[in-house]
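All values derive from a computational prediction rather than experimental measurement. Order of appearance sets the numbers: ligands from 1, and atoms from 1 within every ligand. Any value given below was found using the heavy atoms of this structure, including those in side chains, with hydrogens, waters and symmetry copies removed.
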Amino acid sequence: MTDSARDILQHVFGYDAFRGPQEAIVRTLINGGDALVLMPTGGGKSLCYQIPALVRPGTAVVISPLIALMQDQVAALIQSGVRAAYLSSTLGLQESQAIESQLLDGRLDLLYVAPERLVTSRMLDKLSRVQIALFAIDEAHCVSHWGHDFRSDYLGLSILKQQFPQVPRIALTATADPRTRADIAQRLGLEEAETFISSFDRPNIFYRIVPKQKSLDQLEAFIRREHSGDAGIVYCLSRNKVEKTAASLNERGIRALPYHAGLAPAVREENQTRFLREEGVIMVATIAFGMGINKPNVRFVAHLDLPKSIEAYYQETGRAGRDGLAANAWMAYGLADVIKLKSMLDQSDADESFKREEKRKVDTMLALCETTSCRRQLLLGHFGERMAEPCGHCDNCVEPVPGWEATEPARLALSAVYRTGSRYGVEYLVDVLRGEASERVKANGHDTLAVFGMGRDIADKDWRSVFRQLLARGLLQTDPEGFGALLLDESCRPLLRGETTLMLRREQAKTVTPRKTGGKPALDIAAEDRVLWEALRARRRQLAQEQGVPPYVIFHDSTLLAIMTARPRSLHEMRHVGGIGDSKLERYGDAFLEVVNEYA
Ligand code: ADP
Ligand code: ZN
């Protein structure tokens, strides 16, 4: 049986070998067992059910929460010569009926269905009359309240176990949270299923977090140096900031589109389509933009505001580099972000325990920003995964952050907070420390305090860094009552009393990245290959446009790169390139051989 699975892997999908747990998962399903699969984005979840769908007799039914996701998957399968279709509310009656009759005649290998549609008695009745190869529940975390994408329609999927007890089921998610995982198993009746948990590491993503200075300049420099012509996502906290940032990037000659829930649905839809179909589009978005973005060649995800938790950060950055090629997660953050997130929480009418929990998440996020050790170790550790060695592929690993003995400055900062009555924000406190006798400082008589001017020798931005780190370490708290005001935390007493010392990270005076890490594009195409690369991309774009599909449905970047490197001179040689199965070889082999030959 697995021989036929391997055959399909090679001939239909064009890959030599299974990756990670794929083979074991495929075998479980082929043998009629259930599976619960936790694999990071880009791990290769789709093949886990697509191959058993082709090996087992009958039609596989895939439940997917978003039309865009279904469309993409179906388009890609059709390109590979697989008989796939989707049923959604966007289809007209005739189209739907045509697909239903294909289903009833056993002419479909895979049928994608939205959850609300699947659980109608009409659909269940149809399914009970045909042979079903398996049920695959994609984005299975949608069944859980804990997750960020809860969909009540997913709850109805428990019916599958009751109504089709003999059909194997597989649930898949990229959510690492153990609570969500338990929820999925319980709500979908998969307690007995074999569970496959992969490492959640995304080795191709380079993590970098920099203190905010002039964030738009920093972002522009980052994009120009490392991502010119690449597709990427820039996340901002508010709709207003999305609009401004997109406009500003365009003014600076960088093509960017806005996306947020306040835009008219038609505009949102159009911008999303352009992001998916065109190449090198940057989407500036709120978190409304995300799920269902399975564009494989998003080369970077940038954050101009602090995400509200590590979970959110990891999920958002995870949208980069789904194709396994080099990608960047870049963020600029400042203390104002923390204060804004917390005061938004304070002003919300959620209950106190929820607010406390959410603030704790913000603090953990801040700690990730301020850490001097490996970011990946901290991230994976947060999800319960231990990594023995630092990763060597994040900013802190590549360019270790120098520490400095900051006991005295930290005590001065704490005492400035205390002496001014714990009622002021960072800007004001820095003025006092640096001895700036502003109107406000004078009016409050704070120019007569002993700490006034005691920190003259330390620059503004270094003071801000001290305050951020004191906050990150929990020695300071934000005042829930007053916007931006800082308070002492109990835990700062030993430091104030001189019983402990404090090392802090020294911010480099850099706007972008150190030369060692930065300064080269994420996809490093050698100068002599550039012409061929662009010619291959142009051909792909043309073929995609002719068929009205996104370019990556024709070939992923990884396949295009492999063609560039291998320079096949015959269809036979082309056949060995990863990602080219029989159907794609037949459809596109000649077109791309022509490009390679022209170039040679
Ligand atoms: P996920 O759904 O887990 O995010 P995908 O199924 O989209 O991941 O796969 C991610 C990428 O990995 C795709 O480009 C896919 O073609 C590729 N891929 C998957 N399995 C293999 C394999 N066995 N060998 C080579 N490439 C693979
Ligand atoms: Zn690291």
If the Zn ion (ligand 2) is the vertex, what is the angle to SG of C374 and SG of C394, rounded to 10 degrees? 120°
Nearest to [atom], what protein heavy atom do you find, and at what distance?
{"atom": "atom 8 (O) of ligand 1", "answer": "G44 N, 3.1 Å"}
{"atom": "atom 20 (N) of ligand 1", "answer": "Q22 NE2, 3.0 Å"}
{"atom": "atom 4 (O) of ligand 1", "answer": "G42 N, 2.6 Å"}
{"atom": "atom 27 (C) of ligand 1", "answer": "R19 NH2, 3.4 Å"}

Would Q10 and D16 satisfy side-chain hydrogen bond (donor to acceptor under 3.5 Å, both in side chains), going step by step from the backbone distance to the final call? CA-CA 6 Å; Q10 288 165 355; D16 282 342; 5.1 Å; no
Kindly indicate, with the supporting measurements, whether the criterion side chain to side chain contact (heavy atoms under 4.5 Å, CB included) is fulfilled by F206 and W330. CA-CA 8 Å; F206 187 95; W330 181 93; over 6 Å; no
Could you go through Y314 and F200, starting from their C-alpha distance and side-chain angles, then the distance that decides it, and tell me whether this counts as ring pair (Phe, Tyr, Trp, His ring centres under 6.0 Å)? CA-CA 10 Å; Y314 205 62; F200 273 80; 7.5 Å; no
Determine, stepwise, if the pair Y86 / Y112 fulfils ring pair (Phe, Tyr, Trp, His ring centres under 6.0 Å). CA-CA 4 Å; Y86 66 89; Y112 285 71; 8.3 Å; no
Min N/O separation [X] to ligand 1 under 3.5 Å:
{"X": "F18", "answer": "no"}
{"X": "L9", "answer": "no"}
{"X": "S558", "answer": "no"}
{"X": "T41", "answer": "no"}

Any heavy atom of G578 closer to ligand 1 than 4.0 angstrom? no
State if P296 counts as touching ligand 1 under the rule of any non-hydrogen atom under 4.0 Å. no
Tell me which part of [X] gets within contact of ligand 1: side chain, backbone, both or neither, using heavy atoms under 4.0 Å.
{"X": "R322", "answer": "both"}
{"X": "P40", "answer": "backbone"}
{"X": "H556", "answer": "side chain"}

Any chance you could lay out the ring pair (Phe, Tyr, Trp, His ring centres under 6.0 Å) test for F300 and F222, step after step, and finish with the verdict? CA-CA 10 Å; F300 71 91; F222 163 68; 5.6 Å; yes
Short list, please: which atoms of ligand 1 are under 4.0 Å from a heavy atom of A17? 22 (C), 23 (N), 24 (N)
Ligand-side contact atoms (ligand 1) for residue partner S46, heavy atom cut-off under 4.0 Å: 2 (O), 5 (P), 6 (O), 7 (O)
With under 30° as parallel and over 60° as perpendicular, where do the rings of Y313 and Y207 fit, or are they tilted in between? tilted
What I want to check is whether the side chains of E139 and S64 have a donor and an acceptor closer together than 3.5 Å. no
Is any N, O or S atom of H393 under 2.8 Å away from the Zn ion (ligand 2)? no
Do F275 and Y259 have ring centroids that are under 6.0 Å from one another? no
Between L9 and A17, the two heavy atoms sitting closest are CD2-C, 3.4 Å
Charged tip of K295 within 45° of Y552 ring normal and under 6.0 Å: no
Mark yes when over 12 heavy atoms from residues, nucleotides or ligands other than I99 sit less than 6.0 Å from its CD1; otherwise mark no. yes
Just going by heavy-atom distances, which of F555, Y15, Y552 is nearest to atom 24 (N) of ligand 1? Y15
